[in-house]
Amino acid sequence: MRRLALAILGSGRGSNCRAILEKIRDGTLLADARLIVSDVVDAGIVGVAREFGVPSFVIPEGKWRTKLEPEAEQDLIRRLREAQVDFLVLAGFMRILKSPLLNAFPGRIINLHPSLLPKFPGRAAWSQALEAGESVTGCTVHLVDSGIDTGRIIAQREVPILPDDSAEALHERIQQAERELYPAVIAKLATELAEAST
Ligand code: GAR
């Protein structure tokens, strides 16, 4: 049976990457993590890759903070193709992807965002929800397009905002939900692929 081949891209701590790799390791997620990619040389996610023995590489920082250099993006595409990756899983990857990469993996790049999109795209979405006086926020898994946190929504999970919540406590509660939702969505994609290839 064919297993879903993943690349996981992140710029931060790597807690979602860890949650995905744990599910792969315990056999509840039938996928292979082929490559872990970061744009931050000392990001936690690079250490997670090492810990789980998954090949990783760091994209050169380049001159822009929000997007990749065109050469770096081409090199990334080459490496992803070489690793025969089916799906790109963005887990806190803080660069906007451009058309070469989007066209190389059409409909096969997913992102996780800490709000109930389309509400509160962009940075620190949990603080945005808190400041807006919402009583519920959550997290969203969506297909990636050329916008910022836009693209077709695949799944969402609600998280309550409690009276006297701090931004830190709310963020942690959302991240707990993310660590359940993201592997579950990927597991569903893996099942669909397995069924399509039998
Ligand atoms: C996650 O909370 C994810 O929702 C967010 O980055 C965090 C990465 O955490 N992504 C975005 O805000 C995308 N716009 P992690 O490195 O611990 O997985």
Side-chain angles (χ1 to χ4, degrees), residues 6-25 29 31 33 35-52 54 56-59 61 64-68 87-98 101-102 109-132 134 136-161 165-187:
L6 306 175
I8 305 171
L9 287 75
S11 310
R13 200 151 67 108
S15 69
N16 285 285
C17 178
R18 175 183 294 281
I20 294 163
L21 296 179
E22 281 172 351
K23 298 274 185 218
I24 292 175
R25 187 167 61 187
L29 173 51
L35 204 54
I36 289 175
V37 180
S38 187
D39 58 329
V40 179
V41 73
D42 56 355
I45 193 169
V46 179
V48 173
R50 220 175 292 125
E51 191 186 322
F52 282 79
V54 178
S56 68
F57 83 97
V58 176
I59 303 168
E61 206 174 291
W64 301 294
R65 215 165 50 89
T66 54
K67 59 180 181 175
L68 301 172
F87 249 90
L88 269 58
V89 173
L90 307 190
F93 190 65
M94 294 306 187
R95 305 261 183 158
I96 300 160
L97 302 180
K98 295 287 166 194
L101 193 57
L102 298 176
I109 309 179
I110 55 174
N111 184 42
L112 174 66
H113 183 76
S115 77
L116 296 175
L117 290 172
K119 280 189 170 180
F120 312 122
R123 290 189 178 258
W126 59 93
S127 293
Q128 296 184 49
L130 200 57
E131 280 158 24
E134 300 281 318
V136 176
T137 184
C139 52
T140 300
V141 178
H142 65 95
L143 283 175
V144 173
D145 62 15
S146 56
I148 298 176
D149 302 321
T150 53
R152 186 170 67 77
I153 291 171
I154 299 173
Q156 293 186 305
R157 177 78 55 93
E158 287 190 355
V159 172
I161 300 182
D165 236 346
S166 67
E168 293 70 31
L170 177 58
H171 188 200
E172 178 50 36
R173 202 173 313 118
I174 293 171
Q175 286 212 313
Q176 277 173 21
E178 289 184 334
R179 293 193 286 264
E180 288 173 16
L181 181 67
Y182 217 10
V185 167
I186 297 165

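Remember, it's 1-based here, ligands and their atoms both numbered in the order they're listed. From a predicted model like this one, the values you see are computed outputs, not experimental measurements. Atom set for the values below is all heavy atoms of this structure, side chains included, hydrogens, waters and symmetry mates excluded.
Inter-residue side-chain proximity for Ser15 and Gln175 is flagged as met; some heavy-atom pair is nearer than 4.5 Å.
Every pair passing salt bridge (charged side-chain N to carboxylate O under 4.0 Å, His left out) that includes a residue from residues 9-19 is listed here, sequence neighbours excluded: Arg18-Glu51. Within the structure, salt bridge (charged side-chain N to carboxylate O under 4.0 Å, His left out) contacts touching residues 176-185 (residues at least two apart or in different chains) are Arg157-Glu180, Glu172-Arg179.
Nearest approach of Ala31 to Leu6, heavy atoms of both residues: CB-CD1, 4.0 Å.
Using a heavy-atom distance under 4.0 Å as the criterion, the protein contacts of ligand 1 are Gly12, Arg13, Gly14, Ser15, Asn16, Gly92, Met94, Leu112, His113, Pro114, Asp149, Gln175, Glu178.
Shown here is Ile148, whose CD1 atom has no more than 12 heavy atoms of other residues, nucleotides or ligands within 6.0 Å.
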Name each donor-acceptor pair under 3.5 Å that joins a side chain in residues 117-126 to protein atoms two or more places apart or in another chain, with its distance.
| unit_1 | atom_1 | unit_2 | atom_2 | d |
| --- | --- | --- | --- | --- |
| Lys119 | NZ | Glu134 | OE1 | 3.0 |
| Lys119 | NZ | Glu134 | OE2 | 3.4 |

